[in-house]
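First comes the structure, then the notes that go with it.
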Amino acid sequence: MGGTVLARALCGTLFGLDGVRIDVEADIGPGLPAFHIVGLADRALQEARERVKIAINNSGVDFPGQKVTVNLAPAQLPKEGCGFDLAIAVAILSASGKGHLPDGAAWLGELGLDGSVRRVRGVLPIAAHLTRSGATQFYVPRDNMAEARLGTPHPVHGVRDLQELVAHWESGNSLAADAPAPGGSVAPPEPAYDLADVRGQATARRALEIAAAGAHHILLIGPPGAGKTLLARALPSILPPLPPAESLEVTAIASCVGLLPPGSGLLVEPPFRAPHHNISAAGLIGGGGAVPRAGEITRAHRGVLFLDEVTEFRRDALEALRQPLEDGRVAVARVGGHAVFPGRFILVAAANPCACGFAGESGRCRCTPLDRQRYQARLSGPIRDRIDLQVLVPRLPAAELLGASAAAESSAVVRSRVLAARGRQEARRPIGPLNGALTGAQLRRDARLDDPGHALLEAAADRLHLTGRAIHRVLRVARTIADLEGVENVDSTHLAEALQYRDPA
Amino acid sequence: MTTLQVGDEGYPACLRQIHDPPARLFVQGRLPAEEMIAIVGSRRATPYGLRVAYRLAADLSQCGVVVVSGLARGVDAAAHRGALSGPTPTVAVMATGLDRIYPPEHADLAAQIARTGALVTEAPDGTPPLPSRFPVRNRIICGLSKGVVVVEAAARSGALITANMAGREGREVFAVPGSIENPLTEGTHALIDDGAKLVRDVDDILEEFPTLARVHARARTYASARADRYAHARADSGPQETALRDVWELLDLDIPRHHDEVATQLGITAAELNRRITVLEMGNYIIGDAGGLRRRGPAS
């Protein structure tokens with residue numbers, strides 16, 4: 001062969017949660033047989049050489065016995081992972097004489113040694129991005145078809161393996177383009193936890209309902225075994241289902257971080273994340289190597305982030321939560337650039353009242369007042385300042401645990417009240433925010449007080465030494481209580497209740 | 001800081017009379033000249049003990065009596081704080097050097113005491129809190145005081161040792177009674193059994209010192225103000241409104257109850273209970289904290 005042959009295939013990758021267009025160029029030229037990949041490829045990508053070569057050989061086509069060079073453009077962007085395998089393979093096949101690739105086609109997928117095409121992460125946002133940058137049809141792994149269809153209006157072909165693709169090329173065999181897609185959305189699974197399973201705990205249940213209705217952060221304080229974890233896990237069951245736009249956002253995030261079940265379409269249930277307390281700051285809010293990775297707060301976006309034993313978390317990790325708690329997102333800078341990850345979630349924190357866990361139970365606590373102060377100080381002021389609701393969760397007497405008390409309300413009943421309260425908030429502020437994120441200025445409009453209300457708040461601020469921030473917390477909670485009651489004006493009864501969810505220390 | 005030798009003019013006469021007065025005393029602040037009464041008790045006192053210590057000390061201070069104690073956690077600190085709430089200075093006798101405040105969280109309290117009263121110790125600067133130093137310190141507390149009031153002390157406790165020492169030195173011994181179910185009354189009840197004076201309020205203490213005319217005169221003018229201050233402790237002092245009274249009547253002065261328990265007993269929702277609690281709190285009838293809900297007593 002005399003001159004060189006060049007082929008291009010369109011592909012994409014993730015930077016943070018955004019799709020990025022990558023052009024894969026394959027060149028076959030004279031020289032000793034060799035295979036190079038250039039363009040800031042990481043380790044896993046270098047290994048693509050072996051996967052692609054063997055996969056092509058095992059698909060009934062001979063890998064070209066010449067000098068093969070693959071370039072990933074733009075070359076300065078760091079690239080990682082296995083999602084380029086399919087694009088590299090088709091570019092090489094095209095350059096080696098299999099003919100032109102279809103116009104406007106984008107190729108996503110990882111190859112197995114037998115030529116099978118395996119699912120990859122981030123297909124939804126990549127497909128959406130490539131659609132904007134001109135792709136008109138998509139070849140993706142079969143398990144990723146459903147999510148690809150959420151990202152693009154163009155035809156999506158499901159590829160099982162390279163052989164099938166070669167046959168499709170040579171003889172026009174149809175791919176799984178029209179194979180039955182596994183539904184636009186998955187039916188919401190029965191929530192695993194229901195409020196009906198929570199015995200007693202009237203105060204904590206009420207606080208949880210308020211937290212769900214206004215998207216307020218909540219701190220549960222109680223001895224070990226009081227049921228804090230069960231309460232937290234029941235919170236998603238009383239949250240409203242995700243509206244379509246948020247649903248797409250949550251699905252895209254799940255796709256990027258590899259949490260989307262194979263073949264799954266749109267996720268409609270709010271996510272629930274409960275990271276262990278030894279998590280690093282980067283693990284919690286995002287970070288990582290050259291390419292920024294989403295952290296737990298982004299996985300919990302539009303859902304619930306549960307920090308059990310919150311005082312045991314690393315201090316720097318907790319401090320890192322300040323920005324997302326304030327802004328609902330976090331900016332992470334890395335070598336390759338700067339990514340913004342969304343992270344608007346309801347924070348549920350659980351803590352023991354003191355190091356031994358038995359404060360308030362006469363005779364069992366062995367902590368000195370200083371020990372207790374130190375323990376409480378581990379949850380720093382700036383984090384506490386952003387938690388609107390704080391409640392004590394006591395250990396229940398045995399009689400209640402054994403079911404002597406009347407059956408508790410189920411999540412479905414509570415959820416209907418939460419939905420009504422959310423409706424009132426949306427009527428008032430169609431583009432948000434919900435009550436839990438109202439600023440001081442917004443509160444002056446949304447939570448205007450009558451005279452008795454004013455008098456009560458003023459007296460309470462004096463008597464209970466409330467700071468400006470504490471007053472805002474009380475007003476936000478009072479606004480949600482009024483919404484749950486279905487009334488427009490916040491009055492002193494709402495305030496009186498809201499004042500009880502303040503810092504009990 | 002000043003150093004007093006046993007022969008100095010400013011050395012307290014009372015203290016010189018015990019059988020082994022300290023050869024020298026380190027003093028920060030000014031040692032008051034008024035009569036002194038010690039209040040001692042458990043470091044792990046109950047809320048009841050803390051309240052009583054605070055209240056007796058506040059009353060003594062109002063009557064012009066200097067309260068002496070040991071700056072320890074629990075009863076000692078409550079007594080110093082009570083005394084500081086009144087017009088008379090208070091004296092803290094320490095087991096450590098003046099530069100080593102123990103426990104460390106009482107640094108602010110110590111500074112406050114030294115502003116009007118005095119920190120006193122026999123130990124030179126740099127002395128750490130050694131266990132052997134505490135009984136030695138207790139003998140100074142006895143020596144400075146005309147009487148020792150014990151508020152909550154377990155059997156074989158430091159406070160009890162101080163009281164017995166006071167008895168041997170011919171000082172008056174007083175004890176505050178409490179619940180027989182509380183282990184911290186074993187010591188105080190044993191003292192009463194042995195002839196210590198039972199204390200219900202400050203008058204029970206002052207009665208034993210009929211010669212202190214100035215103190216008695218002040219006690220008389222202060223009597224009516226005192227009655228007002230403790231009105232909340234009486235059973236008929238609750239809120240008038242039925243809805244609030246129902247809640248208040250279920251609460252105890254000492255043992256906190258959780259919201260849910262009270263709501264269940266009254267058959268009201270958590271939301272309704274929380275509304276009532278705020279009103280009760282604002283009216284100074286109850287306290288809600290990390291432990292739960294309690295009736296508000298005097299000075300707590």
Please indicate whether Tyr102(B) has more than 12 foreign heavy atoms, meaning atoms of other residues, nucleotides or ligands, lying under 6.0 Å from its OH. no

Tell me, yes or no, whether the heavy-atom count around Arg43(B) atom CZ, taken from other residues, nucleotides or ligands under 6.0 Å, exceeds 12. no

Ignoring hydrogens and angles, tell me if any N or O in the side chain of [X] forms a donor-acceptor pair with the backbone of [Y] under 3.5 Å.
| X | Y | result |
| --- | --- | --- |
| Asp260(B) | Ala202(A) | yes |
| Arg463(A) | Glu281(B) | yes |
| His258(B) | Leu392(A) | yes |

Please report the closest heavy-atom contact between Arg206(A) and Ala270(B), naming both atoms and the distance. CB-CB, 4.1 Å

Contact part of Ala271(B) toward chain A, heavy-atom cut-off under 4.5 Å: side chain, backbone, both or neither? both

Chain A contact via Glu272(B) - side chain, backbone, both or neither, heavy atoms under 4.5 Å: neither

Leu273(B) side, atom CG; Thr203(A) side, atom OG1 - distance, nearest 0.5 Å: 6.5 Å

So how far is it from Ile481(A) CD1 to Arg275(B) CZ, rounded to the nearest 0.5 Å? 7.5 Å

Pair Glu497(A)-Thr278(B), side-chain donor/acceptor within less than 3.5 Å: no

Checking His259(B) against Gln500(A) for the side chain to side chain contact (heavy atoms under 4.5 Å, CB included) test, could you report, in this order, the C-alpha distance in whole Å, the side-chain angles of both residues, the deciding distance, and whether it holds? CA-CA 10 Å; His259(B) 299 56; Gln500(A) 290 306 315; 4.0 Å; yes

Could you look at Leu456(A) and say if it's the side chain, the backbone, both or neither that has a heavy atom under 4.5 Å from chain B? both

